[in-house]
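Report on one structure; see the data block that follows.
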Amino acid sequence: MHSTRMPAVVLALTILICLIAHPALAGLGGHTAFIIGPISSGPEATKQCLECHEKHADDFMKTSHWTWAITQNVNGKTVARGKKNAFNNFCTSIAGNEPRCTSCHAGYGWTDNNFDFSAKTAVDCLICHDTTGTYTKESTGAGNPSKNVDLLYVAQNVGKPVRDNCGSCHFFGGGGDAVKHGDLDSSMAYPERKIDVHMATDGNDFKCQDCHITKDHQISGNSMGVSPGGKNHFGCEECHETAPHKESRLNQHATTVACQTCHIPFYAKEMPTKLAWDWSTAGENRPGEHLDQYGMHTYLKQKGDFVWGKNVVPEYAWYNGHSGAYTRGDKMNPNEITRLAYPLGDIKDETAKIYPFKVMRGKQIYDSKNNIFITAKVFGEGGYWKDFDWNKAATLGMQASGLDYSGEYGFAPTVMYWRINHMVSPKEQALGCLDCHGDQGRMPWQELGYKGDPLNNAKWARKK
């Protein structure tokens with residue numbers, strides 16, 4: 001029996017001619033003539049995409065969105081680090097928790113350490129290119145599509161990414177809306193101008209890639225938490241002048257103060273974000289439901305105590321474009337607060353500026369004999385959320401990470417810095433002089449290395 005499917009080259013040329021003649025086909029319905037059903041799984045959809053887009057898959061598979069790691073310098077060492085092996089103060093690590101964590105991987109079937117990163121049909125094209133708004137992934141399905149998704153309909157209606165595509169993962173990092181990123185949540189899909197002037201539908205109406213310039217699927221920008229040594233940065237000066245103000249004194253500030261510091265006076269403007277997580281109290285049988293003024297849980301037996309915040313004033317620190325981080329297996333001191341990801345720079349560093357941050361505070365499990373943090377298995381068979389057994393969760397999680405576990409554990413404090421770059425306010429809502437200076441100013445001058453508010457004494461100003 002002869003196949004009725006067109007050869008790949010002929011099909012590609014046909015598509016190209018159609019798109020040139022009818023550009024609208026690149027959007028909704030643009031692939032109806034070329035994607036053939038039935039499609040019962042994500043890899044089946046990708047197999048058809050590859051007939052024309054194999055090079056795009058090759059390019060994508062070189063990116064950190066696929067590998068969840070990049071080669072970078074962290075704390076003076078060259079390492080392959082990323083989401084796949086970073087350590088955080090939310091659910092600690094993906095090790096042993098893959099089916100839950102990898103629901104945000106742009107691929108299918110990453111269930112454990114044996115995932116085949118060379119399998120092109122495991123690439124999930126639809127998560128970034130769906131234009132129907134109907135494509136979702138199973139929350140615990142290792143990246144596989146939800147069972148109720150019409151995969152044929154979605155695959156026939158693909159196009160360039162919009163905010164919803166990126167947001168399907170980045171708005172919901174940490175397991176829920178606004179949990180991890182204080183400046184990224186579902187309100188940013190179609191925000192009002194007061195939320196973000198760049199992405200507002202009545203503002204610039206930017207798509208994510210208008211700032212995160214993309215070439216060959218390599219998307220500019222690195223998260224401090226997973227890529228502290230990343231060099232693929234960009235800033236406001238890509239569009240704005242380095243001295244953008246009519247007032248010269250404000251332009252003088254720009255040599256020391258980052259644009260975001262004045263122009264993002266608050267984050268988590270619409271949705272509350274998680275600010276603290278104490279795992280040490282998990283497992284307690286506390287009667288009743290524990291909610292705060294935002295309707296968010298402040299205690300869950302599975303997870304412990306939480307603190308949430310809304311319309312939060314950022315914390316401020318020097319940042320020179322480089323970061324430090326805790327690496328799995330590093331020694332720690334349980335009597336000190338361990339910084340899991342943090343900005344580098346200080347008042348004497350001419351390359352550093354004052355930036356705004358969300359600072360996530362945690363108290364999490366560590367090996368009290370080896371003095372290293374534990375990558376706990378919290379999800380699935382043997383996980384803490386099912387058995388409420390920390391020793392078992394530690395044993396299985398450390399096995400998945402390839403780390404030794406002594407069998408003894410405790411809980412220790414941590415902090416993790418998250419840069420605030422989104423939720424830029426209209427210029428008329430930017431910080432004024434007395435928001436930072438004066439009796440009620442928000443700037444922690446002495447923590448930043450100043451003797452005091454430089455407005456009170458010019459000799460205290462930064463010397464450059």
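Just so you know, these numbers use all the heavy atoms, side chains as well, and skip hydrogens, waters and symmetry mates.
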- Item | Phe90 and Trp277 aromatic ring geometry - parallel, tilted or perpendicular at 30°/60° bounds | perpendicular
- Task: Give a yes or no on whether the backbone of Ala106 and the side-chain of Trp66 come within a donor-acceptor separation of less than 3.5 Å.
- Result: no
- Aromatic contact, Tyr342 with Trp418 (centres under 6.0 Å): no
- Query: Short question: side chain of Asn97, backbone of Phe379 - any donor-acceptor pair under 3.5 Å?
  - Reply: yes
- Query: Checking side chain to side chain contact (heavy atoms under 4.5 Å, CB included) against Val179, which of Met271, Met360, Lys274 comes through?
  - Reply: Lys274
- Message: Nearest 0.5 angstrom please: Glu408 CD to Ile374 CD1, how far?
- Response: 10.5 Å
- Task: Give a yes or no on whether Glu238 atom CD has more than 12 heavy-atom contacts from other residues, nucleotides or ligands under 6.0 Å away.
- Result: yes
- Query: What residue among Thr414, Asn89, Ile372 forms side chain to side chain contact (heavy atoms under 4.5 Å, CB included) with Tyr326?
  - Reply: Ile372
- Item | Rounded distance (nearest 0.5 Å) linking atom CG of Asp349 with atom CG of Asn320 | 4.5 Å
- Yes or no on salt bridge (charged side-chain N to carboxylate O under 4.0 Å, His left out) for Glu51 and Lys120, after CA distance, side-chain angles and deciding distance? CA-CA 11 Å; Glu51 292 186 11; Lys120 293 181 183 179; over 6 Å; no
- Message: Counting neighbours of CD on Glu381 that are heavy atoms of other residues, nucleotides or ligands and sit closer than 6.0 Å, is the number greater than 12?
- Response: no
- Task: Would you confirm whether Asp196, through its side chain, and Ala200, through its main-chain N or O, come within 3.5 Å as a donor-acceptor pair?
- Result: no
- Phe306-Tyr299 aromatic ring centre distance below 6.0 Å: no
- Query: Parallel, tilted or perpendicular for His233 and Tyr319, by the 30°/60° rule?
  - Reply: perpendicular
- Query: NZ of Lys363: more than 12 outside heavy atoms within 6.0 angstrom?
  - Reply: no
- CG-CG distance between Leu151 and Asn148, expressed to the nearest 0.5 angstrom: 10.0 Å
- Query: Could you go step by step and tell me if Asp205 and Arg163 meet the salt bridge (charged side-chain N to carboxylate O under 4.0 Å, His left out) rule?
  - Reply: CA-CA 10 Å; Asp205 199 17; Arg163 292 187 295 265; 3.1 Å; yes
- Backbone N or O of Ala69 within a donor-acceptor pair of the Thr67 side chain at under 3.5 Å? yes
- Heavy atoms from other residues, nucleotides or ligands near CD1 of Ile213 exceed 12 (cutoff 6.0 Å): yes
- When you look at CG of Asp292, are more than 12 heavy atoms from neighbouring residues, nucleotides or ligands closer to it than 6.0 Å? yes
- Message: Looking only at the side chains, is there a donor atom on one of Thr281 and Asp305 sitting less than 3.5 Å from an acceptor on the other?
- Response: yes
- Evaluation steps, salt bridge (charged side-chain N to carboxylate O under 4.0 Å, His left out), between Asp59 and Lys55: CA-CA 6 Å; Asp59 290 339; Lys55 181 185 180 301; 2.8 Å; yes
- Do Leu126 and Tyr108 have side chains that get closer than 4.5 Å, going by heavy atoms? yes
- According to the interplanar angle, ranging from 0 to 90°, do the rings of Phe117 and His105 count as parallel (below 30°), tilted (30 to 60°) or perpendicular (above 60°)? perpendicular
- Query: Just by distance, do the side chain of Asp387 and the backbone of Tyr384 share a donor-acceptor pair under 3.5 Å?
  - Reply: no
- Residues Asp404, Lys369; criterion salt bridge (charged side-chain N to carboxylate O under 4.0 Å, His left out); working and verdict: CA-CA 11 Å; Asp404 291 332; Lys369 186 174 181 180; over 6 Å; no
- Roughly how far, to the nearest 0.5 Å, is the NE2 atom of His129 from the CG atom of Asp124? 9.5 Å
- Message: Aromatic contact between Phe171 and His181, with the criterion being ring centroids under 6.0 Å apart: yes or no?
- Response: no
- Message: How close do Phe172 and Gly167 get, counting heavy atoms only, and between which atoms?
- Response: CD1-O, 3.3 Å
- Query: So how far is it from Trp385 CH2 to Leu300 CG, rounded to the nearest 0.5 Å?
  - Reply: 10.0 Å
